[in-house]
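Working notes, beginning with the structure itself.
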Number of protein chains: 2
Amino acid sequence: MTTAENILSTLLKDHGYSITSQRLLVFNLLIGQEPMTMHELIDRTNGKIDRASIYRIIGLFDQIGITQRLNIGWKYKIELTDKFAEHHHHLTCLNCHKVIPINKNELEDFIAQLATVQGFTPIDHQVEIQGYCQNCSKKVTKAKLLN
Amino acid sequence: MTTAENILSTLLKDHGYSITSQRLLVFNLLIGQEPMTMHELIDRTNGKIDRASIYRIIGLFDQIGITQRLNIGWKYKIELTDKFAEHHHHLTCLNCHKVIPINKNELEDFIAQLATVQGFTPIDHQVEIQGYCQNCSKKVTKAKLLN
DNA sequence: AGATTATTGCAAATTTGTTGCAATTATTAT
DNA sequence: ATAATAATTGCAACAAATTTGCAATAATCT
Ligand SMILES: [Mn+2]
Ligand SMILES: [Mn+2]
Ligand SMILES: [Zn+2]
Ligand SMILES: [Zn+2]
């Protein structure tokens, strides 16, 4: 049992669910990987788990905070929650596609505050910024910047 | 022709697409409204446009920056871009799926500043916060909130 | 107006997600 | 460790969402 598997087991038990080989397999397919689509996840199980079960497992994982869905355009990808990876946000370069992580406590505080002002209880959030990195800012034409 | 319709027409022509009654209808169903699901949009056309065409129109609108998809849970809603509505962000209720617009200049400044510190030129960004609205916060149990 | 090209509707296909139920597996209690 | 109990899975069918080819129609261009 890895450390991560132990955390998973505890989370499942604490919520009254059992530890099954299928749940462990799905979890291990997600750990350490880039966010993946449902299709990719299903593919990677190589027919070892039924499609319906995978949907049920991800539904459960979402519910008890093991996974979360990351929205990409009008599709979504699945990734493990911050319990299993460091919470962070990104600056993405529209030209060279470099991804620069942001990790600002200020930002977190600001967002939390922003929500609570309206009687809202914030649970999760996303911040993504697209633009041009230092390098590409120099090369990109004014026309392109003005769109 | 309304002002908004003129902007739409120009955008279509500038990208080499024609102005059709279907495209105008879809556009007018979106203008001034809350973000809506594809299902809602289809419903509101009252059978006047085929489902396939609506998908094609929204696909095109997305491509040329007339609409954008707002992710709600693992579904999405469609809304007009900032060209047709004030730039804003959202608080989304995880329970009743209510969408509350945020409109804070502070937030914009904060984000711009966050990016520029690193020599980055920000062009676009998204901020989405999920949680429970004032109403649902009361009903949702402490257990559920603590997850 | 007539020719040309783009868009639409229709019908069918595909892809994505859900459900009931019997078989299997995990947990709990001897 | 075994049997009883309860939860989970696989299967097969279903339902919803999205995509596609193609002929009919509508928009644009000359
Ligand atoms: Mn954050
Ligand atoms: Mn903003
Ligand atoms: Zn770059
Ligand atoms: Zn609510």
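Bear in mind the structure is a predicted one, so any value in this text is a computation, not a measurement. Throughout, a chain's letter reflects where its sequence line sits, starting with A, and its residues are numbered from 1.
A:Lys13 comes within contact range of no nucleotide atom at all, as no heavy-atom separation falls under 4.0 Å. Residue contacts shown for A:Arg23 are limited to sugar-phosphate atoms, with no base heavy atom under 4.0 Å away.
Across the protein-nucleic acid pair, B:Ile57 atom CD1 and D:dT18 atom P stand 15 Å apart, rounded to whole Å. Atom pair A:Leu25:CG and D:dG10:C1' shows a separation of 15 Å (rounding to whole Å applied). Here the P atom of nucleotide D:dT9 and the CG atom of A:Leu60 are 9 Å apart, to the nearest Å. Between B:Ile49 atom CD1 and C:dC10 atom C1' there is a gap of 15 Å when expressed in whole angstrom units. In this entry the distance linking CG of B:Asp50 with P of D:dC22 reads 17 Å, nearest Å. Separating the CE atom of A:Met38 from the P atom of D:dT18 is a distance of 15 Å, rounded to the nearest angstrom. Atom OH in A:Tyr55 sits about 17 Å away from atom C1' in D:dT9, given to the nearest Å. Between B:Lys75 atom NZ and D:dA17 atom P there is a gap of 6 Å when expressed in whole angstrom units.
Side-chain N/O atoms of A:His39 include one lying less than 4.0 angstrom from OP1 or OP2 on C:dT16. Considering only side-chain N and O atoms, B:Thr20 lies nowhere under 4.0 angstrom from the phosphate OP1 or OP2 of C:dT7. Note on B:Gln22: a side-chain N or O is less than 4.0 Å away from OP1 or OP2 of C:dG9.
Scanning atom types as modelled, one donor and one acceptor separated by under 3.5 angstrom connect the side chain of A:Arg56 and the base of D:dG10. Between the side chain of B:Arg51 and the base of C:dG9 there is no donor-acceptor pair of N/O atoms closer than 3.5 Å.
Positionally, the nearest nucleotide of DNA chain D for B:Ala52 lies more toward the 5' end than for the other of B:Tyr17 and B:Ala52.
For B:His89 and A:His125, the distance between ring centers is not under 6.0 angstrom. Two rings, from B:Phe84 and B:Phe27, have their centers less than 6.0 Å apart.
With distances taken from any side-chain atom of A:Tyr76 to the nucleotides C:dT8, C:dG17, D:dT28, the minimum falls on C:dG17.
A donor-acceptor contact closer than 3.5 angstrom is absent between the side chains of B:Gln126 and A:Gln126.
Closest approach of B:Ile100 and A:Phe120 over heavy atoms only: CD1-CD1, 3.9 Å. Pairing each heavy atom of B:Thr67 with each of B:Ile58, the nearest pair is OG1-O, 3.8 Å.
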